[in-house]
Amino acid sequence: MLLTAEADQLVRQARNAAARAATLARVQVVDEDGMERLRDIAGLFVAVWGTSPSGAPLPADLLRSISHAGCNVTAAYSEGGVLCGAAVAIVSPDNSSMYSLIAGVLPDVADAGVGFALKQHQRAWAVARGLDTMTWTFDPLVSRNARFNLTKLGAYAAEYVQDFYGLMDDELNANDESDRLVAVWPLTTPQTIACSDGLPMTVELPAFTADGVRSTGPDGNPVLVETDGSLWCRVPGDIVSLRGVNPDEATAWRACAREIFRAAFASGHTARGVTRAGWYRLAPGGAL
């Protein structure tokens with residue numbers, strides 16, 4: 001357990017990092033609990049996931065209950081006061097971690113740092129309440145999200161869950177199976193602190209030879225490589241578009257990734273980062 005002085009210093013660091021991230025993204029990030037704003041947040045999730053209002057990922061009445069229970073509903077507003085992102089998390093029963101239910105930003109601000117600002121606000125919210133871990137699930141085939149989670153935030157993954165939600169029929173998932181990696185984000189480690197200060201670890205695929213290629217993907221190119229003491233697994237650059245133009249190939253990628261991640265995790269590897277080109281670093285044992 002952290003001593004009081006250490007805990008206070010960590011809270012200050014988390015809050016400063018959250019404030020800096022919001023400033024860089026040019027947004028105001030706040031917690032919400034009023035129904036009018038919660039309806040707006042529910043509408044944003046509908047817009048991001050391409051569902052109907054009746055099938056909102058998290059409807060406003062549920063958001064109200066989550067907030068009323070003392071959990072986290074966070075919203076990001078542009079300089080003009082327009083809602084552009086939101087995130088929701090609940091506190092786990094053991095009271096030392098929180099579980100992120102959903103986070104999303106509008107497509108036109110996807111590269112503006114709004115998502116990072118939302119997660120740093122959530123981290124500060126959690127650390128101020130003595131929580132030291134956040135978990136959530138994400139689609140391993142969406143390389144953009146994977147890099148954000150494992151490289152930019154400093155989370156890791158060592159658990160693969162097949163068909164977590166069942167078949168999903170929203171526009172983003174397009175009836176794909178809902179396999180998920182479980183992200184674990186330690187909120188107080190030196191690596192996470194560095195990431196929160198804008199200093200993520202460098203993740204680059206080392207050079208490899210044909211001898212290091214363990215398997216090829218649906219596109220015929222190397223998909224699993226062993227080099228530099230780690231396994232490296234590649235996923236498509238844009239699985240969302242691929243689902244629309246070639247659903248059969250997208251399905252093949254799902255099966256390919258499932259086999260690789262399950263085998264890697266069973267042998268003690270941990271996903272510790274993702275390159276810009278969509279290569280996961282699967283580190284052996286407890287290596288960072």
Side-chain angles (χ1 to χ4, degrees), residues 10-50 56-58 60 63 66-67 71-89 98 100-129 134 136 138 142-155 171-172 183 185 187 191-203 237-238 240 273-276:
L10 187 61
V11 170
R12 286 194 298 272
Q13 186 280 327
R15 287 175 172 166
N16 289 339
R20 182 168 54 251
T23 297
L24 291 173
R26 302 177 69 177
V27 292
Q28 180 183 17
V29 184
V30 297
D31 298 324
E32 296 289 14
D33 59 10
M35 276 303 295
E36 182 176 353
R37 293 297 178 90
L38 295 177
R39 289 191 185 97
D40 292 340
I41 291 171
L44 179 138
F45 291 146
V46 168
V48 170
W49 270 266
L58 278 180
L63 291 173
I66 290 170
S67 176
C71 297
N72 175 263
V73 180
T74 295
Y77 297 92
S78 69
E79 292 178 322
V82 177
L83 177 68
C84 58
V88 182
M98 63 190 297
S100 178
L101 296 175
I102 192 170
V105 301
L106 295 178
D108 58 349
V109 296
D111 296 320
V114 177
F116 187 74
L118 285 167
K119 298 310 289 185
Q120 294 307 320
H121 181 94
Q122 284 187 314
R123 173 176 175 259
W125 186 96
V127 169
R129 289 160 176 78
M134 187 186 302
W136 63 91
F138 67 96
V142 183
S143 60
R144 178 192 184 95
N145 289 351
R147 184 175 180 274
F148 177 81
N149 293 333
L150 305 189
T151 300
K152 193 163 185 179
L153 293 181
E171 291 179 8
L172 284 183
W185 191 23
L187 301 178
Q191 180 180 331
T192 294
I193 291 172
C195 287
S196 74
D197 286 332
L199 300 170
M201 60 182 176
T202 300
V203 184
D238 188 350
V240 176
V274 181
T275 71
R276 289 186 180 276

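Just the heavy atoms: all of them, side chains too, but no hydrogens, waters or symmetry mates, feed the values below.
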(message) Between Phe138 and Phe148, is there a side-chain heavy-atom distance shorter than 4.5 Å?
(response) no
(message) Looking at Arg276, I want to see if its CZ is surrounded by more than 12 non-hydrogen atoms of other residues, nucleotides or ligands under 6.0 Å.
(response) no
(request) Quick one: pull up CG in Leu187 and CD1 in Ile193 and give me the separation to the nearest 0.5 Å. (result) 10.0 Å
(request) Apply the test side-chain contact (heavy atoms from CB on, under 4.5 Å) to residues Arg26 and Ser78: give CA-CA distance (whole Å), side-chain angles for both, the deciding distance (0.1 Å), then the verdict. (result) CA-CA 7 Å; Arg26 302 177 69 177; Ser78 69; over 6 Å; no
(message) Is the shortest side-chain heavy-atom distance between Ile102 and Trp136 below 4.5 Å?
(response) no
(message) Please give me the minimum heavy-atom distance between Ala86 and Leu44, naming the atom from each residue.
(response) N-CD2, 4.2 Å
(request) Answer whether the closest heavy-atom distance between the side chains of Arg20 and Asp197 falls below 4.5 Å. (result) yes
(request) For the residue pair Met201 and Gln191, establish whether any side-chain heavy-atom pair is separated by less than 4.5 Å. (result) yes
(request) Heavy atoms only: give me the nearest Gly85-Leu118 pair and the separation to one decimal. (result) C-CD1, 3.9 Å
(request) Answer whether the closest heavy-atom distance between the side chains of Ile66 and Val88 falls below 4.5 Å. (result) yes
(message) Measuring from atom NZ of Lys152 to atom SG of Cys195, what distance do you get when rounded to the nearest 0.5 angstrom?
(response) 10.0 Å
(request) Check whether any side-chain N or O of Thr23 sits under 3.5 Å from a backbone N or O of Ala19 as a donor-acceptor pair, and report yes or no. (result) yes
(request) Mind jotting down which residue pairs meet the salt bridge (charged side-chain N to carboxylate O under 4.0 Å, His left out) criterion with at least one end in residues 111-120? Sequence neighbours excluded, please. (result) Asp111-Arg144
(message) Would Arg123 and Trp125 count as a cation-pi pair here, with the cationic atom under 6.0 angstrom from the ring centre and within 45° of the axis?
(response) no
(request) Check for a donor-acceptor pair, side chain of Thr151 on one end and backbone N or O of Val274 on the other, with a separation under 3.5 Å. (result) yes
(request) Name all residues meeting the side chain to side chain contact (heavy atoms under 4.5 Å, CB included) criterion together with Val142; count only those two or more places apart in sequence or in a different chain, and write none if there are none. (result) Asp139, Asn145, Ile239
Acceptor/donor pairs from residues 33-42 side chains to any protein atom, 3.5 angstrom cut, sequence neighbours excluded:
| unit_1 | atom_1 | unit_2 | atom_2 | d |
| --- | --- | --- | --- | --- |
| Arg37 | NH1 | Glu32 | OE2 | 3.3 |
| Arg37 | NH1 | Tyr77 | OH | 3.2 |

(request) Taking all heavy atoms of Ala117 and all of Ala25, pick out the closest pair and write down the distance. (result) CB-CB, 4.4 Å
(message) Quick check: closest heavy atoms across Val105 and Gly115, and the distance to 0.1 Å?
(response) CG1-N, 3.8 Å
(request) Side-chain contact test, heavy atoms from C-beta onward, threshold under 4.5 Å: evaluate it for Val46 versus Pro57 and give yes or no. (result) yes
(message) Assess, by modelled atom type and distance only, whether the side chains of Asn72 and His121 contain a donor and an acceptor separated by less than 3.5 Å.
(response) no
(message) Using every non-hydrogen atom in the two residues, find where Ala183 and Ala155 come nearest and quote the distance to one decimal.
(response) CB-CB, 4.5 Å
(request) Mark yes or no for whether Trp185, through its side chain, and Leu153, through its backbone, hold a donor-acceptor pair below 3.5 Å. (result) yes
(message) Give me the atom names and distance for the closest heavy-atom approach of Gly237 to Ser143.
(response) O-OG, 3.5 Å
